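A single structure is presented below for examination.
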Amino acid sequence: MKKILITGGAGFIGSHLVRLFVKKYPAYHVYNLDKLTYAGNLENLKDIENAPNYTFVKGDIVDTEFVLQLFKQEQFDDVIHLAAESHVDRSIYSPMDFIYTNIIGTANLLNAARSAWEHNYDEHRFYHISTDEVYGSLGETGYFTEKTPYSPHSPYSASKASSDHLVRAYHDTFGMNNVISNCSNNYGPNQFPEKLIPLCINNILHNKPLPVYGTGKNIRDWLYVEDHAKAIDVIFHKGLSGQTYNIGGNNEWTNIDIVKKLIEIMDEELGRPQGTSLSLITYVKDRAGHDLRYAIDASKLKNELGWEPSIKFTEGFRLTVKWYLNNQQWLQNVTSGAYQKYYEQMYTQH
Ligand code: NAD
Ligand code: DAU
């Protein structure tokens, strides 16, 4: 049985990937290594927690000795690395958490994999999951390709850029079988409600203001999370060593249009007269260093490995809203305690 280490598997994207691998590949044993920060939630994996080919390991990738020991003990065949601090706003308030986890944590995993696999790198894949934010910001036209120079603007994106460089350097220098993908904004079930879409769903539900940063004209390219997990599956199995693949939804929206679309669907689902929740829209101070536009050219992934998004935005959006409405206990659990303190700090100062 192949032993696959997935880091950050209790988070939003990680939990969808763990589920996909556990169900689709009974011949793989999936190890989910997660620190369970505020963003990590084992409730996300309730349906597969007792699967015979799944093991959860609680641990911190910043802890060098722990990571080395784990690799020695478990002899993993491959790594898919998602664990990260992932929220841009938090990186503005506490950059060091991002620098430790995203940079040092990635370096620890690379070093442990290097010592475990140094005699046969070709047989072992190290796959690093990254973001389109490393490319910086686009103007009104153009797309990020795999050749776009890096130009990160937030501590989050700078820490991800740094980890990407390390992964590439370990391939170029030591010959490790490394691959990277850079994906656009994900949405879907289980996303922590600090991010735009679940935050708005939660606030519409509770008739709270919907904070729109700046003009609301910033643009993001949205991809349904299960499509991202499927792209990771394809790249993990078919991607070429040393290559980078961009993943995107081909689905650009201004933030204000996304918020209005959410209001339309939520008002309908909640049985409120259409437009009721429009009055919740509240323009607030812009995010510092706010990137104007992200848009991915994912043609390399389509042409070379045959992946394309399968879920249309209207369908994915509706599925997402319904998931949150049907899982209000999940929302309540993650928005109590520390979340409320974060929310007050983040949104009362605007
Ligand atoms: P998330 O914040 O929902 O989950 C991150 C997970 O990592 C959590 O389970 C957390 O407990 C774990 N973690 C954090 N620090 C850790 C540490 N020191 N040791 C072990 N585990 C730790 O993030 P997400 O949105 O699912 O993103 C997953 C990955 O995908 C990240 O690397 C992110 O940069 C990347 N990504 C995210 C998006 C997006 O739209 N969410 C888009 C492109 C790329
Ligand atoms: O592009 C990929 C990235 O997408 C990932 O690497 C990150 O991990 C992920 O968090 C996401 O980053 P963004 O900053 O784009 O996502 P967020 O949901 O925080 O914000 C989306 C847009 O909405 C952005 O332009 C900021 C704006 N926004 C966000 C929040 C939380 C608001 O206007 N109001 C808000 O309250």
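We count ligands from 1, going down the list as the structure has it; atoms in each ligand are counted the same way. It should be emphasised that the depicted structure is a prediction, and the values quoted were computed from it without experimental measurement.
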So, do Phe313 and Trp253 have ring centers that fall under 6.0 Å from each other?
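They qualify: ring centres under 6.0 Å apart.
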
Can you tell me the protein heavy atom closest to atom 8 (C) of ligand 1 and the distance?
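The protein heavy atom lying closest is Asp34 OD2, 3.6 Å.
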
Say whether His290, considering both its backbone and side-chain N or O atoms, lies within less than 3.5 Å of an N or O atom on ligand 2.
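Yes: some nitrogen or oxygen of His290 is under 3.5 Å from one in ligand 2.
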
I'd like the name of whichever of Glu133, Arg293, Arg220 reaches closest to atom 12 (O) of ligand 2 through any heavy atom.
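Selected option, by shortest heavy-atom distance: Glu133.
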
Lys/Arg-Asp/Glu bridge criterion (N-O < 4.0 Å) met for Glu85, Lys35:
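No, this pair does not count.
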
When only distance counts, is Trp222 in polar contact with ligand 2, meaning an N/O pair under 3.5 Å?
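There is no such contact.
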
I need the atoms of ligand 1 closer than 4.0 Å to a non-hydrogen atom of Lys35, numbered in the order shown.
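In order of numbering, the contacting atoms are 16 (C), 17 (C), 18 (N), 19 (N), 20 (C), 21 (N), 22 (C).
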
Can a donor-acceptor pair be found between the side chains of Tyr54 and Asn32 at a distance below 3.5 Å?
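Tyr54 vs Asn32: donor-acceptor pair found between side chains.
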
Would you indicate which of Ile129, Asp132, Val259 comes nearest to atom 2 (C) of ligand 2 when only heavy atoms are counted?
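When every heavy atom of Ile129, Asp132, Val259 is considered, Asp132 comes closest to atom 2 (C) of ligand 2.
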
Would you please determine whether Lys160 falls within less than 4.0 Å of ligand 2 on a heavy-atom basis?
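Judged by the 4.0 Å heavy-atom criterion, Lys160 does not count as contacting ligand 2.
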
Number the atoms of ligand 1 from 1 as they appear, then name those within less than 4.0 Å of a heavy atom of Ser86, with their elements.
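Matching atoms, with element in brackets: 1 (P), 2 (O), 23 (O), 25 (O).
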
Any atoms of ligand 1 less than 4.0 Å from a non-hydrogen atom of Gly59? List them with their elements.
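Under 4.0 Å from Gly59, ligand 1 has these atoms: 19 (N), 20 (C).
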
Do the side-chain N and O atoms of His153 and Ser137 include a donor-acceptor pair separated by under 3.5 angstrom?
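No.
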
Heavy-atom distance under 4.5 Å between the side chains of Leu82 and Leu17, does that happen here?
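Leu82 vs Leu17: side chains touch.
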
If you measure from the Lys or Arg side-chain nitrogens to the Asp or Glu carboxylate oxygens, is any gap between Asp34 and Lys58 under 4.0 Å?
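The answer is no: the pair does not qualify as a salt bridge.
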
Under 3.5 Å between any N/O of Val212 and any N/O of ligand 2: does that happen in this structure?
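No.
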
How far is atom 18 (O) of ligand 2 from its nearest protein heavy atom, and which residue and atom is that?
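Residue, atom and distance for the closest contact: Leu196 N, 2.8 Å.
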
Looking at ligand 2, does any of its N/O atoms fall within less than 3.5 Å of an N/O of Cys183?
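There is no such contact.
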
Please indicate whether any nitrogen or oxygen in Val62 is less than 3.5 Å from any nitrogen or oxygen in ligand 1.
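Looking only at distances, the answer is no, because the N/O contact criterion of under 3.5 Å is not met.
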
Can you tell me how the ring of His237 sits relative to the ring of Tyr28, calling it parallel under 30°, perpendicular over 60° and tilted otherwise?
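Answer is parallel, since the angle falls under 30°.
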
Donor-acceptor side-chain pairing of Ser163 and Asn102 below 3.5 angstrom:
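No - no donor-acceptor pair under 3.5 Å links their side chains.
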
Examine the proximity of ligand 1 to Tyr156 and report which part, side chain or backbone, both or neither, has a heavy atom under 4.0 Å away.
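Side chain only.
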
Taking only heavy atoms of Ser130 into account, list the atoms of ligand 1 that are under 4.0 Å away from them.
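Every atom of ligand 1 under 4.0 Å from some heavy atom of Ser130: 43 (C), 44 (C).
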
Using the ring centroid of each side chain, check whether Phe126 and His171 are separated by less than 6.0 Å.
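So the answer is no for these two rings.
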
Under 4.0 Å from a heavy atom of Ser184: which atoms of ligand 1 are those, numbered in the order shown and with their elements?
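Heavy-atom distances to Ser184 below 4.0 Å select 42 (C), 43 (C).
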
Both conditions, 6.0 Å and 45 degrees, for the charged tip of Arg114 above the ring of Phe71: are they met here?
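No, Arg114 and Phe71 do not form such a contact.
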
Atom 39 (C) of ligand 1: which of Thr101, Ile13, Leu109, Leu17 has the nearest heavy atom?
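Closest candidate by heavy-atom distance is Ile13.
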
Using a 4.0 Å heavy-atom cut-off, say whether Asn185 meets ligand 1 through its side chain, its backbone, both or neither.
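Backbone only; the side chain of Asn185 stays clear of ligand 1.
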
Does a donor on one side chain and an acceptor on the other come within less than 3.5 Å for Tyr343 and Asn203?
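Side chains of Tyr343 and Asn203: pair found under 3.5 Å.
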
Options Ile197, Val225, Thr37, Asn44, ranked by nearest heavy atom to atom 13 (N) of ligand 1, top entry:
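Checking each option, the heavy atom nearest atom 13 (N) of ligand 1 is found in Thr37.
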
With a 4.0 Å heavy-atom cut-off (strictly under), which part of His81 contacts ligand 1: side chain, backbone, both or neither?
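The answer is neither.
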
Are Tyr31 and His29, when compared by the centres of their aromatic rings, separated by less than 6.0 Å?
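Yes.
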
Could you list which atoms of ligand 1 come closer than 4.0 Å to a heavy atom of Asp60?
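The atoms of ligand 1 under 4.0 Å from a heavy atom of Asp60 are 17 (C), 18 (N), 19 (N).
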
Does the separation of the ring centres of Tyr187 and Tyr224 fall below 6.0 angstrom?
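Under 6.0 Å, so yes.
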
With a cut-off of 4.0 Å, which atoms of ligand 1 are near a heavy atom of Cys183?
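Per the distance check, 42 (C), 43 (C).
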
Enumerate the atoms of ligand 1 whose separation from the nearest heavy atom of Ile129 is less than 4.0 angstrom.
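Going through ligand 1 atom by atom, the ones under 4.0 Å from Ile129 are 30 (O), 32 (O).
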
Who's the nearest protein heavy-atom neighbour of atom 14 (O) of ligand 2, and how far?
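Its nearest protein heavy-atom neighbour is Arg287 NH1, 2.6 Å.
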
Hey, are Glu252 and Arg293 close enough for a salt bridge, meaning a charged N less than 4.0 Å from a carboxylate O?
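Yes, charged N to carboxylate O under 4.0 Å.
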
Of all the heavy atoms in Glu194, does at least one lie under 4.0 Å from an atom in ligand 2?
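For ligand 2, residue contact (heavy atoms, under 4.0 Å) with Glu194 is present.
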
Have a look at ligand 1 and work out which part of Leu36, if any, has a heavy atom under 4.0 Å from it: side chain, backbone, both or neither.
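Leu36 to ligand 1: backbone contact only, side chain stays beyond 4.0 Å.
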
How close does the nearest protein non-hydrogen atom get to atom 31 (C) of ligand 1, and which residue and atom is it?
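Protein heavy atom with the smallest distance to atom 31 (C) of ligand 1: Leu82 O, 3.2 Å.
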
Could an N or O of ligand 2 be found under 3.5 Å from any N or O of Asp89, whether backbone or side chain?
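Between Asp89 and ligand 2 (N or O atoms, distance only) the closest approach is not under 3.5 Å.
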
